[in-house]
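I have placed the structure first, in the form of structure tokens, so that the comments after it can refer back to it.
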Amino acid sequence: MAEHATRLELAARADLIARLAARHAERIAEGLGRRLRRVEAAHGARVVIEGRELVGFAGNDYLGLAAHPAVRAAFVAGAERWGVGATAAHLLGGHRAPHAELEAMLADWTGREAALTFSTGWMANLGVVATLLGEGELCVQDRLNHACLIDGAKLAGAELRRYPHRDVEAAARRLRARPGVPALLATDGVFSMDGDLAPLVELAELAHAEGATLLVDDAHGLGVLGPDGAGSVAAAGLSADEAPVLMATFGKALGTFGAFVAGSRALVDALVQFARTHVYTTAMPPALACATIAAVRVARMEPWRRDQLARLVRHFRLGARDRGLPLLDSTTPIQPVRVGDARRATRLADALAERGCFVPAIRPPTVPPGSARLRVTLSALHAETDVERLLDALADAWRAPDAD
Ligand SMILES: *Cc1c(COP(=O)(O)O)cnc(C)c1O
């Protein structure tokens, strides 16, 4: 039997929990601590937090489908028919008729040959990136891509090269620096904390010219952008060959939970074999697939929701301009207000809550240092009067001396 560690060796080895607690204390001291807020009730765009009703400008339920009657009814009927759990991984009997039906619908909607559901967007990106790329191969990504794309590249053991936000020339330099190395070029379609769009046409041209494979994460574009709400890739007019790996989630505009990857039959069939986050996990509940099928139907058939959103976005941007509020350059329902200092962002969020609006402060490390912001999101559930109320609250909080 091996000998025990000596006392000296023991003293040298850090206690993991103590070390973590120290890191936590440091984050709190920097004023960057985060707090879970308990939402006690939610109806429409309203949320009740700590006993107070606020108009919510924080969620990603852009089309207002999370509590839509048809979506709820499909979820309930799905649970009646299939129970709650899928009982197994997809390959071991968990793949139920609603999953297959949903996948066919998603393929049709996005104009791809096939689609494969995953339990979350995080798992979809880990799965697809780590399946496509091998150790030491190249993953070129926008600096502001979602955390799970970054983690996918790390899991693959790929060489991760990030380029400045939306800078196609810089992306090109990173690809050209490693000629002959298999490469994935990955971007968000709509950037989750900035709301702006990736230059998808230029990125697709670059991927083609350099022999790289383009992956688009359209979590915030699907349902919101493009003809039929088919997303940012459809809005950019990119074919399945030009944007061969399309990923999106159900937890944003579709108002449910889960995600998918769409592409060629060859891609999807291979993911069923190799994507570890698909093979070795319980399939998402079939009732969720039923609810998502209903949500896709509403999203496609009720374009007024996108029209309403577009009206609200215009209203908000014009109103913010009139009041001298600094917005980021976004045309989507994600409308961040630039603040800069993290503590001020927190104070402004508190001041907005006092004025009846729930808007989260987004601070480092979620966004780069010095770029804290209020992340306003709009939903088809909002009325113009809600937007007016937010604009007045923002203007008021912005001027308040305690917010400086
Ligand atoms: C939300 C989000 C994800 C993760 O999806 P989940 O289903 O919530 O895990 C991935 N990418 C982007 C861009 C997102 O906004």
Side-chain angles (χ1 to χ4, degrees), residues 58-63 65-66 99 102-103 106 110 115-130 132 139 141-155 160 162 165-166 184-200 203 214-226 231-233 235-236 243 245-262 271 275-278 281-285 288-289 291-292 295-296 299 328 330 332-336 360 362 365-367 373 375-379:
N60 303 310
D61 185 19
Y62 305 121
L63 301 178
L65 301 185
H99 296 111
L102 173 59
E103 287 167 352
L106 293 165
T110 57
L116 188 69
T117 55
F118 284 79
S119 293
T120 70
W122 196 288
M123 291 166 74
N125 274 339
L126 287 188
V128 71
V129 174
L132 284 169
C139 192
Q141 299 204 19
D142 190 291
R143 193 167 283 289
L144 297 189
N145 273 356
H146 194 270
C148 59
L149 280 172
I150 309 286
D151 281 12
K154 288 185 183 165
L155 182 62
L160 174 63
R162 301 207 278 169
H165 186 44
R166 301 180 79 252
L184 184 71
L185 175 59
T187 185
D188 286 10
V190 175
F191 290 89
S192 53
M193 295 300 138
D194 290 58
D196 54 351
L197 306 178
L200 288 180
L203 288 171
L214 179 64
L215 182 161
V216 180
D217 173 341
D218 206 22
H220 296 276
L222 187 77
V224 173
L225 300 175
S232 62
V233 172
V245 188
L246 171 59
M247 173 274 180
T249 65
F250 307 142
K252 309 281 160 65
L254 292 172
T256 64
F257 184 86
F260 71 99
V261 173
L271 289 174
R276 292 163 64 86
T277 55
H278 187 267
T281 195
T282 303
M284 82 184 216
L288 262 173
T292 307
V296 172
L328 299 192
S330 158
T332 69
I334 302 169
Q335 288 292 329
I362 307 289
T366 303
V367 293
R373 68 203 60 182
R375 180 176 182 266
V376 170
T377 53
L378 298 169
S379 161

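Note that the structure is a prediction, hence the values are computed from the model and not measured. Atoms within each ligand, like the ligands themselves, are counted from 1 in listed order. Quick note: numbers below take in every heavy atom, side chains included, and nothing from hydrogens, waters or symmetry partners. Start at 1 with the first residue, then count along the sequence.
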Judged by non-hydrogen atoms, does Cys148 sit under 4.0 Å from ligand 1?
yes

Please write down residue, atom name and distance for the protein heavy atom closest to atom 2 (C) of ligand 1.
Lys252 NZ, 2.5 Å

What atoms of ligand 1 come closer than 4.0 angstrom to any heavy atom of Trp122?
4 (C), 5 (O), 6 (P), 9 (O)

protein heavy-atom neighbour closest to atom 7 (O) of ligand 1 works out as Gly121 N, 2.7 Å

Which heavy atom in Arg166 sits nearest to a heavy atom in Leu197, and how many Å separate them?
NE-O, 2.6 Å

Please lay out, stage by stage, how Phe118 and Val128 fare under the test side chain to side chain contact (heavy atoms under 4.5 Å, CB included).
CA-CA 10 Å; Phe118 284 79; Val128 71; 5.5 Å; no

Within 4.0 Å of some non-hydrogen atom of His220, the atoms of ligand 1 are 14 (C), 15 (O)

Could you walk me through whether Val129 and Leu155 pass the side chain to side chain contact (heavy atoms under 4.5 Å, CB included) check?
CA-CA 8 Å; Val129 174; Leu155 182 62; over 6 Å; no

Tell me the nearest of His146, Met247, Met123, Met193 to atom 12 (C) of ligand 1, using heavy-atom distances.
His146

Pairwise distance CG(Leu102) to OG1(Thr117) - rounded to 0.5 angstrom:
6.5 Å

Ligand 1-proximal atoms of Asp188, by part, heavy-atom distance under 4.0 Å
side chain

How far is atom 13 (C) of ligand 1 from the closest protein heavy atom, and which atom is that?
Asp217 OD2, 3.3 Å

Looking only at the side chains, is there a donor atom on one of His165 and Asp196 sitting less than 3.5 Å from an acceptor on the other?
yes

Checking side-chain polar atoms at under 3.5 Å, does Asp61 have a donor or acceptor matched by the opposite partner on Ser379?
no

Once you restrict to heavy atoms under 4.0 Å, what part of Ala219 touches ligand 1? Side chain, backbone, both or neither.
side chain

CG of Leu222 to OG1 of Thr110, rounded to nearest 0.5 Å, is 8.0 Å

